Amino acid sequence: HVDPRRNSVAAAVDHALQHQLQGVVLETGALRSQPGAAAAARRQGLQLMTFGLLNNDPAWVQQQHLQLGVCAAIVDDVPGVAAGLQRSSAPPPAVASHIQSAAGLEHAAAIQQLRRTVRA
C-alpha cells in the first residue's frame, strides 16, 4: 500500500500522535510479530485495538489484554471467543464484558459498542 500508516506500526503511532488521536487499530498479526509495538504505543499514551483472524483465539485475545495492554479486540466469532474467555482461569473482565455485551448484536451494532467502549 502507498499509505505508510498501513505498512508500519511506527508510522501508525506517529500519525495518531501527530493528529492527537486516542489510539491505533492494529492487525493482530502485526502485533504478534512486533509485541514491543504495544508498549511503545502505550508509553505515548495511546490506546490499542486489534482486528484480524487471530483474534478468534480466546487465549490470544486474553494475552493481548493482560500482557500487551490492548483495550479491545474486534472478533468474528463473538460467541466462541466469549465462551473461551469465560472458561479460562482468569478472563480479563474488560475484554470479556465487552465481548459478552456484543454477543447477539448485528455486526454494525457490535462495532458501535466497541467504539463507545474505547472512548470511555
Side-chain angles (χ1 to χ4, degrees):
H1 291 90
V2 179
D3 187 343
R5 297 171 297 173
R6 296 193 61 174
N7 296 320
S8 161
V9 174
V13 168
D14 288 343
H15 178 80
L17 292 170
Q18 199 172 56
H19 296 280
Q20 300 178 337
L21 302 176
Q22 289 184 333
V24 293
V25 180
L26 303 174
E27 195 282 323
T28 191
L31 185 61
R32 185 174 254 179
S33 66
Q34 302 174 49
R42 283 195 334 277
R43 277 193 304 272
Q44 297 293 329
L46 296 173
Q47 295 181 355
L48 299 169
M49 285 181 63
T50 61
F51 70 94
L53 293 177
L54 294 173
N55 279 355
N56 288 325
D57 175 3
W60 172 236
V61 170
Q62 185 175 41
Q63 182 181 350
Q64 288 178 73
H65 178 69
L66 295 176
Q67 296 174 7
L68 301 176
V70 171
C71 65
I74 300 169
V75 304
D76 293 323
D77 181 15
V78 174
V81 173
L85 290 173
Q86 288 176 340
R87 283 191 302 270
S88 69
S89 60
V95 174
S97 65
H98 299 315
I99 290 174
Q100 289 169 345
S101 67
L105 299 176
E106 294 299 321
H107 183 71
I111 295 297
Q112 288 300 321
Q113 175 64 32
L114 286 170
R115 285 183 181 146
R116 284 191 296 276
T117 300
V118 169
R119 288 184 192 127

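Predicted model, so just to flag it, every value in this text is computed and none were measured. We're numbering straight along the sequence, starting at 1.
Hydrophobic cluster membership differs between L26 and L21, with clusters built from Ile, Leu, Val, Met, Phe, Trp and Tyr side chains linked at under 4.5 angstrom.
Taking all atoms of both residues into account, the shortest heavy-atom contact from P58 to G80 is CG-O, 4.1 Å. Residues L54 and W60 come closest through the heavy atom pair O-CD1, 3.3 Å. Summarising the geometry of C71 relative to M49, their closest heavy-atom pair is SG-CG, 4.2 Å, with the distance given to 0.1 Å.
The CD atom of Q64 sits 4.0 Å away from atom OG1 of T28, with the distance rounded to the nearest 0.5 Å. The distance from atom CZ of R32 to atom CD of Q63, rounded to the nearest 0.5 Å, is 7.0 Å.
Around the CG atom of L53, the shell of radius 6.0 Å holds no more than 12 heavy atoms that belong to other residues, nucleotides or ligands.
For the pair Q44 (side chain) and L46 (backbone), a donor-acceptor distance under 3.5 Å is absent. The backbone N or O of N56 lies less than 3.5 Å from no partner atom in the side chain of D77, so there is not a single donor-acceptor pair.
Inter-residue side-chain proximity for T50 and N55 is flagged as met; some heavy-atom pair is nearer than 4.5 Å. Using a 4.5 Å heavy-atom threshold, the side chains of V24 and L48 count as touching.
Sorted by first and then second residue, the ring-ring contact (aromatic ring centres under 6.0 Å, His included) pairs with a member in residues 18-40 read H15-H19; sequence neighbours excluded.
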